[in-house]
Amino acid sequence: MSTLTFQGAVKEVTGSRYLLEVDGDRRTHRLLLECGLHQGGGDADEANARSFGRLPGELEAVVLSHGHLDHSGLLPKLVREGYDGPIHCTRGTRDLLEIMLQDAAFIMAKDVEWENKWRKRNGKPLIEPLYELKDVERTLSLCTSHGYGQPVTLPGGVTLVFHDAGHILGSAIVELAVPSGGQTRRLVFSGDLGNSSSVLMKDPEKLFEADLVLMESTYGDRDHRPLDETLEEFAQVLEEAHAAGGNVLIPAFAVGRTQEILYHLSVLYHEGRLRQQLVFLDSPMAIKVTELYHRARKSLDPDDLKVLNVAASGDTSRYLPILRMTRTVEESMAINRIHGGAIIIAGAGMCNGGRILHHFRYNLEKPSTRLVIVGFQAGGTLGRQIVDGAERIRVMGQDLAVKARVHTIGGFSAHAGQTQLLGWVGAFRHRPRVYLVHGEPGAQQALQTLLEQSGIEAEIPVFGERLEL
């Protein structure tokens, strides 16, 4: 019998990893589904640093649903430790990986450099980064991209098909037809399912046949607010910030969320409802991703793009004329001379690094500032502390009072909400086995209860649990 072992993203949102062992005629074929970074807190650092052991030398293929680091961020470490087989993904994912993994390696190198300076001064042993740029380059060279709906034969007679997950550029639902005990068992992994209310992405595809379903459950305990209400709240916050004379800070994930926020700002601008004078995209990675989305716009939702094309008379440079992309450190620092009237979009989305921390130092202690949280904040992150109401936080060695008005606007989520998750998994015929992954325990238990009420049995796996297909 072929087996699946849960090696990550169980009872937590990040660190996606699942080992598929296919029982062949003469030997077992090992395939890895996802290889994600753990995010949030010291436990995550420890989990990321843990050796893969013999796994890199035993694997014959890796399959990747999409490019977010919690699904892909440990790939270069896997390669560094000896993996040299193919990495199967979509073209959009391959293009995003080039940006995201290079950025991750660069940040890692800087963090290790600072840490080692302290260690050297204090007589502590030096540390190494999880991986370096050369490991990223080798990883990218192993990527093999495929279109949606295109069957791909993997070792052990497994057939892979990607379906559009509607989450970010290139995101995929993974369908695997796996030989097991003389039968073919169909394993479907949702990846991260998109929010059908979100702009730019198409709706997630629904599948109807499966024996085993791994489904994300990030928002298993709630629905997002309707988009029209979310946009009205967003516009009101921007109006209040203008009246108060302060800046608006938006910590945003470089992939997906930033492009969605820019889209909505563009619509508000053309409606005459954006009072701010300047919008800064202050993230080199987000700038690269935004430019990639622009090049790949044929794969985006045509109805959403039509709205901007009509407003801007077909001139893409007129989508948001007040947008300034600040690539260099000097350009970023110059923003700090602006004390009001600006919208500043900067990473990291969970406030656990990046240029947003510098803007916190100059803006967070001002009551006129509006801090707009537009994405999920994992436990253990600085963003989560702020959302949970922290009155003081520590940023880059400095204590800051949180005097800015904080607004959490959840309707922008690129993840499916509870009702959308129920609708997606409810489309499967013949009641497949369902396992809830990528969620915090409370969200998973709430979704599990609702599924049971719908006649769908769902289990919440634990780390290391092994299933027979």
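Computed from a prediction, not measured in an experiment: that's the story for all the values here.
Residues His66 and Ser72 bring no donor and acceptor atom of their side chains to less than 3.5 Å of each other. Donor-acceptor pairing under 3.5 Å is recorded for the side chains of Asp192 and His71. No hydrogens or angles considered: nothing links the side chains of Gln7 and Glu34 as a donor-acceptor pair under 3.5 Å. For the residue pair Glu12 and His38, a side-chain donor N or O sits within less than 3.5 Å of a side-chain acceptor on the partner. Side-chain atoms of Ser196 and Gln420 form a donor-acceptor pair, as typed in the model, at a separation below 3.5 Å. A donor and an acceptor atom, one from each side chain of Gln377 and Arg384, are nowhere located under 3.5 Å apart. Checking Asn195 against Ser413 by side-chain atom types alone, no donor-acceptor pair falls below 3.5 Å.
Here the side chains of Leu274 and Ile322 are in contact, with some heavy-atom distance below 4.5 Å. Side-chain atoms of Thr369 and Leu364, non-hydrogen and from C-beta on, never get closer than 4.5 Å to each other. Considering only heavy atoms from C-beta on, Ile393 comes within 4.5 Å of Phe360 through its side chain. Contact annotation: the side chain of Val248 approaches that of Gln276 to within less than 4.5 Å [non-hydrogen atoms, C-beta and beyond].
Ion pairing between a basic and an acidic side chain is recognised when a charged N comes within 4.0 Å of a carboxylate O; Glu239 and Arg370 show no such pairing. No salt bridge links Glu331 with Arg327; every basic N to acidic carboxylate O contact stays at or beyond 4.0 Å.
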With salt bridge (charged side-chain N to carboxylate O under 4.0 Å, His left out) as the criterion, how do Arg295 and Glu291 come out once you've worked through the C-alpha distance, each side chain's angles and the decisive distance to 0.1 Å? CA-CA 6 Å; Arg295 293 194 301 273; Glu291 291 170 341; 5.0 Å; no
What verdict does the salt bridge (charged side-chain N to carboxylate O under 4.0 Å, His left out) test give for Glu132 and Arg80, after you've listed the backbone C-alpha separation in whole Å, the side-chain angles of each residue and the deciding distance to 0.1 Å? CA-CA 9 Å; Glu132 301 171 293; Arg80 184 184 181 103; 3.3 Å; yes
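Residues satisfying the side-chain contact (heavy atoms from CB on, under 4.5 Å) test with Pro461, not counting sequence neighbours, are Phe6, Val10, Tyr435, Val437, Glu465. Residues satisfying the ring pair (Phe, Tyr, Trp, His ring centres under 6.0 Å) criterion with Phe412, sequence neighbours excluded, are Phe234, His264. Partners of Arg355 by salt bridge (Lys or Arg N to Asp or Glu O under 4.0 Å), not counting sequence neighbours, listed by chain and number: Asp282.
Under the 6.0 Å cut-off for aromatic ring centres, Phe208 and Phe428 do not qualify, their centroids lying 6.0 Å or more apart.
When atom types are taken as modelled, the side chain of Asp135 and the backbone of Tyr131 share no donor-acceptor pair closer than 3.5 angstrom. With hydrogens and angles ignored, the 3.5 Å screen pairs a side-chain donor or acceptor of Glu365 with a backbone N or O of Ala401. Of the possible donor and acceptor atoms, one in the side chain of Gln277 sits under 3.5 Å from a partner among the backbone N and O of Arg275. With hydrogens and angles disregarded, a donor-acceptor distance shorter than 3.5 Å links the side chain of Ser454 to the backbone of Leu450. Side chain of Thr184 to backbone of Ala177: no donor-acceptor contact under 3.5 angstrom is found. Judged purely by atom type and a 3.5 angstrom limit, Ser197 has no side-chain atom pairing as donor or acceptor with the backbone of Leu227. No donor-acceptor pair under 3.5 Å is formed between the side chain of Arg361 and the backbone N or O of His358. Judged by distance alone, the side chain of Arg257 and the main-chain N or O of Val374 form a donor-acceptor pair under 3.5 Å. Put simply, the side chain of Ser299 gets close to the backbone of Ala296: a donor and an acceptor are under 3.5 Å apart. At least one donor-acceptor pair closer than 3.5 Å links the side chain of Thr326 to the backbone N or O of Leu281.
Under the side chain to side chain contact (heavy atoms under 4.5 Å, CB included) test applied with Leu160, the options Thr153, Leu176, Leu33 reduce to a single match, Leu176.
Contacts classified as side chain to side chain donor-acceptor pair (under 3.5 Å) and involving residues 307-321 (residues at least two apart or in different chains) are given here: Asn309-Tyr319, Asp315-Ser317. Contacts classified as side chain to side chain donor-acceptor pair (under 3.5 Å) and involving residues 209-222 (residues at least two apart or in different chains) are given here: Glu209-Arg429, Glu216-Thr218, Glu216-His415, Ser217-Gln444.
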Let me have the donor-acceptor pairs involving side chains of residues 340-351, under 3.5 Å, with sequence neighbours excluded, atom names and distances please.
none

